[in-house]
**Q** 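Let me give you the structure first, and then I'll get to my questions.
Along the sequence shown, the residues carry numbers beginning at 1.
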Amino acid sequence: MQFPMLCPRDLISVSLFISLLLVSNLSPCSAQDYIIGDPGAAGGAGGGAVGGDAGDDTKEKPATGPPEHNNCNGIYLTYNFISREKELPRLKNATAQAWAFKSEATILNSGLTELKGWKMFIGFHHHEILVSVDGAVLLDGSDFPADVGKGVTLAGYPMTDLKTSIETAGDINQIQVTAAITGSQFGIKPPGVPMPKTIRLVNDGYKCPAPRLRGKRTMHVCCKKDPKFKEKKAPKAKKIKFLARQNGDLSLTYDVMQSFGNNYLAQVTIDNNNPLGRLDHWNLTWEWMKGEFIQSMRGAYTHTRDIAQCVYGPAGQYYQDFDFTGVMSCDKNPVMADLPAQRKDDPKIGKLPYCCRNGSLLPTMMDESKARSIFQLQVFKLPPDMNRTALTPPQKWKISGILNPEYECGAPIRVVPTEFPDPSGLQSTSTAIASWQVVCNITKPKVKQSKCCVSFSAYYNDSVIPCNTCACGCEDTDTSTCNPNARSMLLPPEALLVPFDNRTKKARAWAKIKHYPNPKTMPCPDNCGVSLNWHINSDYADGWTARLTLFNWEDYPFEDWFTAVQLGKAGRGYENVYSFNGTKLPNVKNTIFLQGLPGLTYLMGEVNGTNPTSDPRIPGKQQSVISFKKKGLRDLDIQRGDGFPIKVFFNGEECALPRSIPMPSSACRCTDGVMRLVFILAVTLALITDRFH
């Protein structure tokens, strides 16, 4: 057979075709269909129709998260322990050895509803100290390093809300956030892994089961909507994309009133919502997250004005021609306070409603007009936030007062813009450009960390049970000269009128007379600036009375003071108070609210005695008798405890109560026993005599 002669050009083409087949490992076939688009969308080896749907449905893309999240229709939380290494000093005791650790907390919205203002609790329990958290902030606003050995709640920042996969086309950057955690912990020698006890979502309306472990280093849980949770629905006309306003003891609102390219005007409103809450000389602080500084303020001021931080910092580099002389504050963590009443009508820094009361926030039932404070500030921004819509509130809010309860504040949440009456006086309202709310709640004072204390006494016992030892702490007390853990010694009633330093002789003499223990080392003082004495004054068939006395051991007076006493069932019989203004609170169970009568609203401070060289100082003092009825109260035993309060508050602070109550004296009990014995002997003698007769 003869083959046709090929020209050189044809030979080159054949050679290239053969080479392509060998390199590409292709095999010729007939009737091949081609998929337009993603080659990986082909349904199988046999291919599919051009432009068909089979490829999109039959082969899924690789999952970006852990495998368990595919079965979670809710909020999926994970905690991943990454690594740790020994810190200095190196110790042989494994439980005392410190370790630097790194971990990650991830929260993924795999549900059908957007998660706003996410909050995640991590149950640390190995004495952890957090040094930094990237992608979140501590909910209570604590500064780093933060002791979180009893657990911590993280809040989202800068990404506070997690959208759904449906509304973002599966964009993982909008539905998931990861917080990188760095810190120190103690104990657990390798190969053990110091995992938290639990993780859970703290947001209202969600329910989390017990978390599960994947291996030794990963903990995960799927939190779902609680079907029993009933959310308060806003009116249809008010339906918006922001969170509803939260309830709390103290509500702070950060409203942006005016916005420009490089600065904005904000107004801060502080509302006291707790019937027993209060602040005196409040100090408010927060942390700027993007280099902002305060140009000016109205209605408040900052404690420091260090403009060098602006001149030598990023603000000075950007605003090179700016005069920082009049800047109010360049601090990253400014501390702000209310103006005194004398500056209320100052045209430059005053002239603002609800301002300038020297930092006093009273309960609404005392004076509703004094339950709110307002101030304004002009804030300058730095790049890249140089447009009027780039608005970021400060974080890590904290507020405190003098001899007031401790408040724990959450992270700012975006809420519905606040409405204000139109400044023109017309029947219309204007709204803020943007609003954030911070909710602060009163925390229960820890043992030996109160700011006031209570002593108990009664007419049927001649000894007073004084305030607990170190009731308000012993940080400034030389504990080498006293015992901070000993029970306080019983006192004669007159000892309550003198300072603790002058009670030693009276306490020892009383112990000697009454044959009480008389230790060589005296108990430490209570160290409280304010103390209260609750004395059972009388107890009769139809009612009983008590006397409440307030002692101010501070050098300064308390203006518009108040106290509240919560009793058990005996409180339901409250009748009257005679030297105070008293009211039974409707929303707080069995609690009596007491304040000074007009002209007696000052609880004066401690003053010198008649002869300062020899007489002890005298505390400021006010007292009143309170009467109660027993009608309708069965089994009421005043002398066995029903007549003593279970909680006492002074200016909103919960006071430390004694560990015991006065009991009827042994002499009384002995007399009762002798009378019973005499009666039994008399009856026995009568029976015996009758028998012999």
**Q** Would you give the length of the straight line joining atom OG of Ser435 to atom CZ of Arg414, rounded to the nearest 0.5 angstrom?
**A** 8.0 Å

**Q** First locate atom CG of Asp526, then atom OG of Ser455, and finally report the distance between them rounded to the nearest 0.5 Å.
**A**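 If I round to the nearest 0.5 Å, the distance is 9.0 Å.
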
**Q** Can a side-chain donor-acceptor contact be found between Asp140 and Ser142 if the only test is distance below 3.5 angstrom?
**A** yes

**Q** Does Cys310 form a disulfide bond (SG atoms under 2.5 Å apart) with Cys330? I'd like the steps, not just the answer.
**A** CA-CA 6 Å; Cys310 281; Cys330 297; 1.9 Å; yes

**Q** Decide whether Trp553 and Ser531 meet the rule of one side-chain donor and one side-chain acceptor closer than 3.5 Å.
**A** yes

**Q** Return yes if a side-chain donor-acceptor contact under 3.5 Å exists between Thr477 and Asn527, otherwise no.
**A**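 There is such a pair between these side chains.
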
**Q** Suppose we screen for ring pair (Phe, Tyr, Trp, His ring centres under 6.0 Å). Which residues come up paired with His281, at least two apart in sequence or across chains?
**A**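 So His281 forms no ring pair (Phe, Tyr, Trp, His ring centres under 6.0 Å) with any residue.
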
**Q** Where the side chain of Thr481 meets the backbone of Asp478, is there a donor-acceptor pair that is under 3.5 Å apart?
**A** yes

**Q** Show every side chain to side chain donor-acceptor pair (under 3.5 Å) that has at least one partner inside residues 188-213, sequence neighbours left out.
**A**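 Of all non-adjacent pairs touching residues 188-213, none passes side chain to side chain donor-acceptor pair (under 3.5 Å).
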
**Q** Is there a side chain to side chain contact (heavy atoms under 4.5 Å, CB included) between Asn518 and Met489? Walk through the geometry before answering.
**A** CA-CA 8 Å; Asn518 204 338; Met489 296 180 65; 4.0 Å; yes

**Q** So does Gly568 get a backbone contact from the side chain of Asn590, meaning a donor-acceptor N/O pair under 3.5 Å?
**A**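 A pair under 3.5 Å: yes.
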
**Q** Is Cys528 disulfide-linked to Cys655, taking SG-SG under 2.5 Å as the test?
**A**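 The sulfur gammas are not closer than 2.5 Å, so no.
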
**Q** Would Cys472 and Cys452 count as a disulfide bond (SG atoms under 2.5 Å apart) here? Give the steps.
**A** CA-CA 7 Å; Cys472 298; Cys452 55; over 6 Å; no

**Q** Taking atom types as modelled, find out whether Thr304 and Asp331 have a side-chain donor-acceptor pair closer than 3.5 angstrom.
**A** yes

**Q** Does the side chain of Arg90 come under 3.5 Å of the side chain of Gln97 through a donor N or O and an acceptor N or O?
**A**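 Judged by distance alone, the side chains do not pair up.
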
**Q** Test of understanding: with salt bridge (charged side-chain N to carboxylate O under 4.0 Å, His left out), list the residues that count as partners of Lys396, not counting sequence neighbours.
**A**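 Glu287.
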
**Q** Ignoring hydrogens and angles, state whether a donor on the side chain of Gln176 or Asn109 is under 3.5 Å from an acceptor on the partner side chain.
**A** no

**Q** State which residues pass ring pair (Phe, Tyr, Trp, His ring centres under 6.0 Å) with Trp286; sequence neighbours excluded, sorted by chain then number.
**A**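 Ring pair (Phe, Tyr, Trp, His ring centres under 6.0 Å) check on Trp286 returns Tyr254, Trp288, Trp397.
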
**Q** Measure from the side-chain N and O atoms of Ser165 to the backbone N and O of Ser110, and report whether any donor-acceptor pair falls under 3.5 Å.
**A**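 Checked: no pair found.
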
**Q** Decide yes or no on disulfide bond (SG atoms under 2.5 Å apart) for Cys72 and Cys222, but give the supporting numbers first.
**A** CA-CA 6 Å; Cys72 178; Cys222 177; 2.0 Å; yes

**Q** Distance alone, cut at 3.5 Å: any donor-acceptor contact between the side chains of Glu406 and Ser400?
**A** no

**Q** Going by atom types only, do Lys102 and Asn80 share a side-chain donor-acceptor pair under 3.5 Å?
**A**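 No, no side-chain donor-acceptor contact under 3.5 Å.
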
**Q** Under the 3.5 angstrom rule, does the side chain of Thr160 hit a backbone N or O of Gly156 as a donor-acceptor pair?
**A**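 Absent.
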
**Q** Could you work out, with salt bridge (charged side-chain N to carboxylate O under 4.0 Å, His left out) as the rule, every residue matching Glu654, not counting sequence neighbours?
**A** Lys444

**Q** Salt bridge check, Arg278 against Asp280: does any charged N sit closer than 4.0 Å to a carboxylate O?
**A**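 Counted as a salt bridge, because a side-chain N and a carboxylate O are separated by less than 4.0 Å.
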
**Q** Run Cys467 and Cys453 through disulfide bond (SG atoms under 2.5 Å apart) and show every step you take.
**A** CA-CA 6 Å; Cys467 293; Cys453 63; 2.2 Å; yes

**Q** List the residues meeting salt bridge (charged side-chain N to carboxylate O under 4.0 Å, His left out) with Lys381, not counting sequence neighbours, and say none if there are none.
**A** none

